[in-house]
Amino acid sequence: MLRIIFAIFLFSLVGCDQQSTEGNREVVTLTSPGGQAFYFMPIYEDGVTDITVRIAWPTEWPMTPDRNQAVPHLGAELILSGGTAELKPQQILEIFEEANASGFLVSSADHVFGELSFPKEHISRTVEIANEMLVTPQFDEKWLARIKGGFLANVKESQALATTKMWNAARLATVGDTPLYEFMSLNNIAAIEAVSRDELEIWHEETFTKTGLTVVVTGAVSPEDAGGIIDDLLNGLPEGAAVVPAPREADFTPKSVLLHLPDAEKSAIGFIAQLPQRSEGGEFEDILATSLMSNPDGPLFQKIRTELRASYGFQAGVTNYTRSLRPFFMFGEVETEKLGEVRTATLEAYSTYRTDPDLTGLDELKTRIAANAKEHVSYVDLSAQTLMEAILDGNDPTLVPEVDKLFEAVTAESVTARLRDVFPSSDKLSIFAVSPDAEALPGACVITKFQDVVTCP
Amino acid sequence: MRKIIALLVVGVVGLAAVFFGRSFLATPTDFMTLDPGPFRAAYLIEDNDADFDLLQLIVQAGEVDHDGPEGLAHYVEHLAWIDQLTVTGAKTSRHSNAWASQLATSYFVSGPTEDMAKNLERLATTAKPFALQPSFITEERGIVLREYHLRAGESATRPIWLEMEALLFEGSPMARTALGTPETIAEFNGEIAADLHAKTHSLSNMVLIAHGKMKAGDLSREIEKLGVSDPYPLTPIPSIPTATLRDEGEFNGSKISADKLFYDKVVPLPDGPATPQTTAAIWVLDSILDSTLPGGVATPLRFDNFIAASFDFDLYQQAPDSLRLSFSARPDVDVDLKELQAAFEEVMVGIYENGIPQESFDRVKKQQLDDLEDTKNKPRYTLSNVVQHTALRRTPWGYSSDLKAMNDLSLEDVNVMLKALSSEGRVVIRRVRAPQ
């Protein structure tokens, strides 16, 4: 009897549905039946049922004069919020919530990114709704007024901050009074208030086409179904004209600027200089080098907080104005009376670190970041995001599933070489500060409005 | 023979467990309670997948436990942590840090398993009297002020929030904030900091929480080396006022960028301090009220009508034994703040009268259960729970308790919570107009 029970049990195990894992996390390029090329990374693992489609539409809007630069920001939010011809906004919200699906659109200076994630059992309904939102957005006037109001509130609140004004000056000094500056800074209140439905429709028509886009699909889906999803999602979009974002230009000529705001509650100082774009390599060294620089055990914290006692914290990092404009920065809020000393101490600490870095904590940091990166790409949607970034940067997307190993491969020698050969010397750094004290940064070009930074040498 | 059959059954079921990846054989143990040695309690959350081990000490005392200048507990935390670094010669690191809140002060170190003994010793050093130079102690006041400016200095809503807190918790230390103000920070000095440290930072007023690959035996041996302390009774969380209150006000905000309604309500929890059951009921009720589902405020305020352009809705347990609703909203174009407030209160009254619909409850409970079951890293979930509960001076519980409570949750439980919320309680409402 026991043998029979055991045999039945084993038989039942053999009969279990064993999903094929062939091709799991292998990145390949495919073409959908409708002719759309896409990058595909299936994830055939226990418990994984989600699928993510991520699309990047190239855009020149943020580089085009006479265009309202608030439009891409408001348009992306309005497409998501305004419903479809047949479904009210809350109906879409409920359908997506019940299906555990999500989607978003976001405008960057080079691309508009769209992402749709959903469990595999809800493919048809979620893709159908997303397609309708994408092809025939409603741009309802009442929703436009509502979203514009919220956007204005956020912008006004942000623009009131002293540090926002300081960084506005830095952006204006580097990219000039250009559409790109306006797109990044969003401080033209009148332009935001003036956004019209007509402008939104022009932006939509020019942006959401079938030409030039980059498409990524990840998750629990077969190649055939992935192709079908893409065709269904893009169905009805116009072919459109090719858009190739031109490299953006900026002037990082070193300067020293103090924005004097008598009513400012605090002082802050930032240093910036250009780094090469990510497609030229070295990104992992940059992340580790700036992390070590910012570490409480690193040179900035030690110099500015521990020794000078002038700041709660001081950080370094790399930001992206655009895909090609990639400033390295150091920043901290500091005691007003010590602003000048902080400038000197930061430049000294940076200069020493750049030429003779203490990389004692590198191995532990690598282990921690590699572990985070490994966990990051274990998620279906974050895999799609990482894959898209690698593709747009011209890096090898097949390495994405093992991005943790790229961190582990970094050595003290490669970080040292990167700092020495690629990071700017301290005399190439531009310095921007904000303070209630006009005398706080001797020798700096003192302005009282960030717009006047263009007058500084 | 029976023994053989029993073993075979266990073997078969065990095999099934291996194949199906489920540990249904044993009652899950989320964390271990160790002999605490000199501490009030010691918990270990084993996690063999952790890359580094964490040791965290939670002092069960914070800003509410003194009557000195507001923010003093945070200043003490800075000094105790830096003193520890100075005494032990340890290096600062982004993976080791400290924080202070109303009810707790915490210090944590993360590192490889082999550093466990050294790291525990570092943490225990925070209980020793400060050995810092007086000049350094004074200078640290400036650092705390920089932190205040970084976190709150230009906030448009903080002054409004502070005024509302003062009314909601009038006369109670629970109205105090850990960050303090520039004026109170200026009053800090080494003497009052040392006094508060001595009063609160004994090992017997601390709970040790460990997470990672370290072995219970190894940790217990290191705890034992720290000796024992006389028991230190847990300081109760100060009570908050229970007298009903309704305080409405309208004013022009100097920094706020758009008109905004703030509505906060505190009512007693129906069954006293928090349990996994009340926590599950509040999670589900919060999700429903914040949704477009029947029984939620989003459809009537934001979708069927253009009244609230955007809103934040939050329902949570307010220590020690209350339930708190925080609602803030920006009105739609041409909607007055009073109109928005009236609409919100009317919607809430309707929900109180009709109760939560079964359909909405079923849907949200399923979502919450799915989310809980999908939790990838259960030890980390438990770690977060244990830290949070300990910092709120509760006996902690882990992942399995939350999962069981959610499984057992009924619509009646949620409606009991809704009924509690409908009581008069203490309500503070502020209509804040933006400068034109």
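Within every chain, numbering begins at 1; the chains are lettered A, B, ... in the order of the sequence lines, protein sequences first and strands thereafter.
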If you count heavy-atom pairs under 4.5 Å with chain A, which of [options] comes out on top?
{"options": "B:Lys260, B:Lys366, B:Arg302", "result": "B:Arg302"}
{"options": "B:Asp332, B:Val333, B:Asp51", "result": "B:Asp332"}
{"options": "B:Asp371, B:Asp370, B:Ile82, B:Thr292", "result": "B:Thr292"}
{"options": "B:His78, B:Arg363, B:Glu139", "result": "B:Arg363"}

At a heavy-atom separation under 4.5 Å, does [X] approach chain B through its side chain, its backbone, both, or neither?
{"X": "A:Glu98", "answer": "both"}
{"X": "A:Val334", "answer": "backbone"}
{"X": "A:Leu161", "answer": "both"}
{"X": "A:Ala145", "answer": "both"}
{"X": "A:Ala310", "answer": "backbone"}
{"X": "A:Glu97", "answer": "both"}

- Task: Sort out for me which of A:Ala264, A:Ala162, A:Gly47, A:Gly83 touches chain B most, counting heavy-atom pairs under 4.5 Å.
- Result: A:Ala162
- Examine the side chains of A:Arg368 and B:Ser110 and answer whether a donor and an acceptor come within less than 3.5 Å of each other.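 Looking only at side-chain atoms, B:Ser110 and A:Arg368 do form a donor-acceptor pair, the distance falling under 3.5 Å.
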Where on [X] is there a heavy atom nearer than 4.5 Å to chain A: the side chain, the backbone, both, or neither?
{"X": "B:Lys376", "answer": "side chain"}
{"X": "B:Ala50", "answer": "neither"}
{"X": "B:Phe306", "answer": "both"}

- Message: Please check this pair: side chain of B:Arg122 against backbone of B:Gly89, looking for a donor-acceptor N/O pair closer than 3.5 Å.
- Response: no
- Donor-acceptor contact present, side-chain A:Ser311 to main-chain A:Glu333, <3.5 Å: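 Present.
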